[in-house]
Amino acid sequence: MAKKERTMDERTIDPASKEMLIRADELGLGTAFHRAEAMPPCNIGAAGMCCKFCGMGPCRLTKDGSTGVCGATIDTIQARNLVRAIAAGSAAHSDHGRDMAFTLKAVANGETEGYVLRDIAKLRTVAAFYDIPIEGRSPEEIANDLADLYIAQFGQQKGELAPIRRATEKRQKLWRELGVVPRGIDREVVESLHRTHMGDDQHVPHLLEQAVRTSMTDGWGGSIIATDIADILFGTPAPVVGQANLGVLKDDMVNVVVHGHEPLLSQMMVVASQDPEIIEYAEAAGAKGVNMSGICCTANEILVRQGVPAAGNFLQQELAILTGAVEAMVVDVQCIMQALVSLSENFHTKVITTSPKVRITNATHIEFNEHKALTIAKDILKVAIDNYKNRGETQIPDVRSDLVPGFSHEYINYMLGGTYRSSFRPLNDAIMSGRIRGVAAIVGCNNPRSTQDHFHTYVTKELLKQDVLVVETGCGAIAAAKLGLLLGEAGLDKVGPGLREICETIGIPPVLHMGSCVDNSRILTVLTQMAEEGGLGDDIDQIPAVGLAPEWMSEKALAIATYCVASGAYVIFGGSSPLSGMPDRVSDSDLVLNYLSVEWENLYGGKLEFINEADEMVQKTLEHIDKKRAALKLPEYDASKFGKSGDARMGELESLSFEEQQKALYGVPA
Ligand code: SF4
Ligand code: MSK
């Protein structure tokens, strides 16, 4: 395929990103956008038709009926590639959860610096769920037991993962009947690697069953663990005001951007940045203080809790450095491009790795340790402050949007019913009446092979017009934030009449930002509680809801998609399919793709499909929602029935005379 340089509008819809890409071109510097254009994807690998699992290969199965040297068919190779990707994605999310669990244990035993058990109510709720005694015990004692239980999930060899019990009764029964309940997190990931070694599992349904079992160690294992503990240590999110996009960087302050996933260090850096010692140190360096911001899911972790601004999503990590205004980019794990380091050499930015698991050649390494978290956070900030004097010419795009993130499932429950009547009943009722047609979870990454933020925001906007309530996490949520969709008033003129009434009545934006990519576990919880509330069937597969990752790129995304399918959801992935096969070998290479849609739907009530066109994603979402509404015997969606209450009704009444108002309200003049 020939190299193709795209126009700026084809690269991104975000004006701040465009400005930085122009700057990159002027400076002659490359970014992921440029590299994606210079290196078209390998069409054999992209279609899942390459195997390099042993030294007899790599084998490329490009001819009809061909097999690898060992005889492996294209179906086996595609299924094995998928299982390995899901194992890697599950390992990433789960290892994040493991670090959180060890930190909880250390906090409970007074062995850390700077952390506290912040949300005791959540600690007690979670512990009680697992029958850990709570009455008459200190938070530390409860946290110690919870940490032990969560740590045990990783090395458990037999039995069932404990958080599985948080699914509906019906779903648990189905999983047990199908034999896909994970035994232990590490065990399933190891078994996936074993099964996909040369000469092992070579039967597509059997491989894909292990894909499901492994993915569940993520969604119903490591991710739930990570979310629970982040809430216990740093607080369960509730709405806060925040900002997003590169314009949150400040010319007169030391800019420190945290990037990656685990909130352990980033939360402590937020605390340290407000310490008088650090502010004084920054002022002595000639700055007004330290300006913290985030990229990717670390951004989401501190945005949903403290309202710390997000400098951008995945594809903006290099663009932040291109502003010339970032003193330090502090990274931990996942989604960190190696190119950051070579790019930063053109500026003064220090890229600082902090995880014992992640080093990057030529980056500065300051290793994080939860036992000295606050001290290390301050040390890192001092390195950034010392670097302020080296700043050269800067160009910070004057582009930022306000947003209100922080919609944890606990908050959604509370906001719908208040302290004494917290419940999902009003949400279920709104769906049953048709005011809300259904729910879409739009999540996941950016990918330089599609137009940055375009698919996320196009699909979001179109579904909102159709009265679909949207919940978001990860880089998709930051995309919507940049478009102003995470604000009450700013977003409401763009939504359908029924959804608008609900948003106005409750006082919420039409798009609810629920957190980082491990916080997709919150979406599972919301859907489970909606099913348990009644009126929308008794399991997730009956709820009029769809999950979408319109610009996916990471192996974690494939793990998320698979555990959502196993939980009963219809999942749509945009962009390329890693299983597409060769166009002229449709029947031969479609077995795995068909299995993911048709057979998984038969087994789990959920399915995974790869759809390239944004309008088709919208259409398939609405078709699925309407199909589920019909199966529940709910009234057919009819937008014309709504929009006559809430603010719209008030506006209408205000334009009338007093007599006309009385007539409109009571049918008689005053
Ligand atoms: Fe080729 Fe089989 Fe080795 Fe894969 S496992 S590289 S298909 S010989
Ligand atoms: S950070 S996994 S690009 S959502 Fe979670 Fe964003 Fe995707 Fe990384």
Side-chain angles (χ1 to χ4, degrees), residues 32 44-45 48-62 66-81 84-85 88-90 92-93 96 195-202 218 223 226-227 244 258-263 266 294-304 310-318 331-337 441-448 450 452-453 455-456 472-481 513-521 523 547-561 573-575:
I44 300 168
M49 300 187 304
C50 170
C51 177
K52 52 183 176 63
F53 289 177
C54 88
M56 294 188 282
C59 301
R60 288 152 293 146
L61 272 58
T62 54
S66 61
T67 66
V69 174
C70 67
T73 63
I74 184 164
D75 306 318
T76 296
I77 288 172
Q78 287 187 324
R80 283 197 307 215
N81 285 335
R84 280 227 169 162
S90 301
H93 273 158
H96 169 166
R195 285 200 200 195
T196 52
H197 183 274
M198 191 270 149
D200 277 306
D201 201 358
Q202 288 154 110
D218 177 345
S223 283
T227 299
V258 288
H259 169 27
H261 281 76
E262 293 178 1
S266 53
I295 294 271
C296 267
C297 282
T298 290
N300 287 318
E301 295 277 359
I302 51 180
L303 175 68
V304 297
N313 46 13
F314 176 66
L315 281 180
Q316 287 174 291
Q317 54 187 286
E318 293 173 283
V331 303
D332 55 20
V333 294
Q334 302 163 26
C335 303
I336 302 148
M337 293 189 193
I442 303 180
V443 306
C445 326
N446 295 135
N447 188 326
S450 57
Q452 184 204 5
D453 295 346
F455 284 91
H456 279 300
E472 300 203 346
T473 61
C475 293
I478 299 176
H513 185 334
M514 295 190 74
S516 64
C517 40
V518 293
D519 292 334
N520 286 323
S521 63
I523 299 175
L548 300 105
E551 300 176 28
W552 79 279
M553 67 86 200
S554 83
E555 290 170 313
K556 289 179 293 175
L558 292 167
I560 294 167
F573 264 36

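Position 1 is the first residue of the sequence; numbering continues from there. All ligand and atom numbering here is 1-based and tracks the order in the structure. It should be emphasised that the depicted structure is a prediction, and the values quoted were computed from it without experimental measurement. What you see below is based on every heavy atom in this structure, not just the backbone, and it leaves out hydrogens, waters and symmetry mates.
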> Strictly distance-based, threshold 3.5 Å: is any side-chain N or O of H456 a donor or acceptor partner for the main-chain N or O of I478?
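Judged by distance alone, no pair lies under 3.5 Å.
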> Given H96, H259, H261, K556, which one has a non-hydrogen atom that is nearest to atom 5 (Fe) of ligand 2?
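Considering heavy atoms of H96, H259, H261, K556, the nearest to atom 5 (Fe) of ligand 2 sits in H261.
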> Pull out every atom of ligand 2 sitting under 4.0 Å from any heavy atom of F314, numbered as shown with elements.
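The list of qualifying atoms is 3 (S).
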> Do E551 side-chain atoms and Q452 backbone N/O form a donor-acceptor pair below 3.5 Å?
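No; judged by distance alone, with no hydrogens or angles, the pair does not exist.
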> Return the OG to CD distance between S554 and Q334, rounded to the nearest 0.5 Å.
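Answer rounded to 0.5 Å: 8.0 Å.
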> Between CE of M553 and SG of C335, what distance do you get to the nearest 0.5 Å?
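Nearest 0.5 Å value for the CE-SG distance: 4.0 Å.
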> Only heavy atoms of C517, strictly under 4.0 Å: list the atoms of ligand 2 that pass.
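Here the atoms of ligand 2 in question are 5 (Fe).
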> Give a yes or no answer on whether the side chain of H259 reaches the backbone of V331 with a donor-acceptor pair at less than 3.5 Å.
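Here the side-chain-to-backbone pair does not exist.
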> Indicate whether the side chain of D453 and that of N313 have a donor and an acceptor atom separated by less than 3.5 Å.
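There is such a pair between these side chains.
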> Under a 4.0 Å heavy-atom limit, does C445 contact ligand 2 with its side chain, its backbone, both, or neither?
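C445 to ligand 2: contacts from backbone and side chain alike.
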> Would you call S516 a ligand 2 contact, heavy-atom distance under 4.0 Å?
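It does not, in that no heavy atom of S516 comes within the 4.0 Å cut-off of ligand 2.
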> If you measure only the distance, is there a donor-acceptor pair under 3.5 Å linking the side chains of K556 and H96?
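Judged by distance alone, the side chains do not pair up.
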> We want to know whether T76 and Q202 form a side-chain donor-acceptor pair, criterion being a heavy-atom distance below 3.5 angstrom.
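No, no side-chain donor-acceptor pair sits under 3.5 Å.
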> Check for me: within less than 2.8 Å of atom 1 (Fe) of ligand 1, which protein N/O/S atoms show up?
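Under 2.8 Å from atom 1 (Fe) of ligand 1 - ignoring waters, which are not counted - the protein N, O or S atoms are C59 SG.
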> Which atoms of ligand 2 sit under 4.0 Å from any heavy atom of S554?
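So the atoms of ligand 2 that pass are 2 (S).
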> Looking only at side chains, do T473 and D519 share a donor and an acceptor under 3.5 Å apart?
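Side chains of T473 and D519: no pair found under 3.5 Å.
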> Does ligand 2 have any atom sitting under 4.0 Å from a heavy atom of M553?
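The answer is yes: ligand 2 sits under 4.0 Å from a heavy atom of M553.
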> Heavy-atom distances under 4.0 Å decide this one: backbone, side chain, both or neither, for Q334 against ligand 2?
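Looking at Q334 and ligand 2, no heavy atom falls under 4.0 Å.
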> Below 4.0 angstrom from a heavy atom of G444, which ligand 2 atoms are there? Numbered from 1 as shown, please.
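Near G444, the atoms of ligand 2 are 4 (S).
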> Measure the OG1-CE distance between T62 and M49 for me, rounded to the nearest 0.5 Å.
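Here the interatomic distance stands at 6.5 Å.
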> Between N81 (side chain only) and Q78 (backbone N and O only), is there a donor and an acceptor less than 3.5 Å apart?
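The answer is no, because no donor-acceptor pair under 3.5 Å joins these two groups.
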> Does the residue R80 have a heavy-atom contact with ligand 1, meaning some pair of atoms that are separated by less than 4.0 Å?
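For ligand 1, residue contact (heavy atoms, under 4.0 Å) with R80 is present.
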> Using modelled atom types and a 3.5 Å cut-off, is there a donor and acceptor pairing between side-chain atoms of N447 and backbone atoms of W552?
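Judged by distance alone, yes, a pair lies under 3.5 Å.
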> If we set the cut-off at 4.0 Å for heavy atoms, which region of C335 has an atom near ligand 2: side chain, backbone, both, or neither?
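Side chain only.
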> May I ask you to identify the nearest protein heavy atom to atom 6 (Fe) of ligand 2, giving residue, atom name and distance to one decimal place in Å?
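Sorting protein heavy atoms by distance from atom 6 (Fe) of ligand 2 puts C475 SG, 2.2 Å first.
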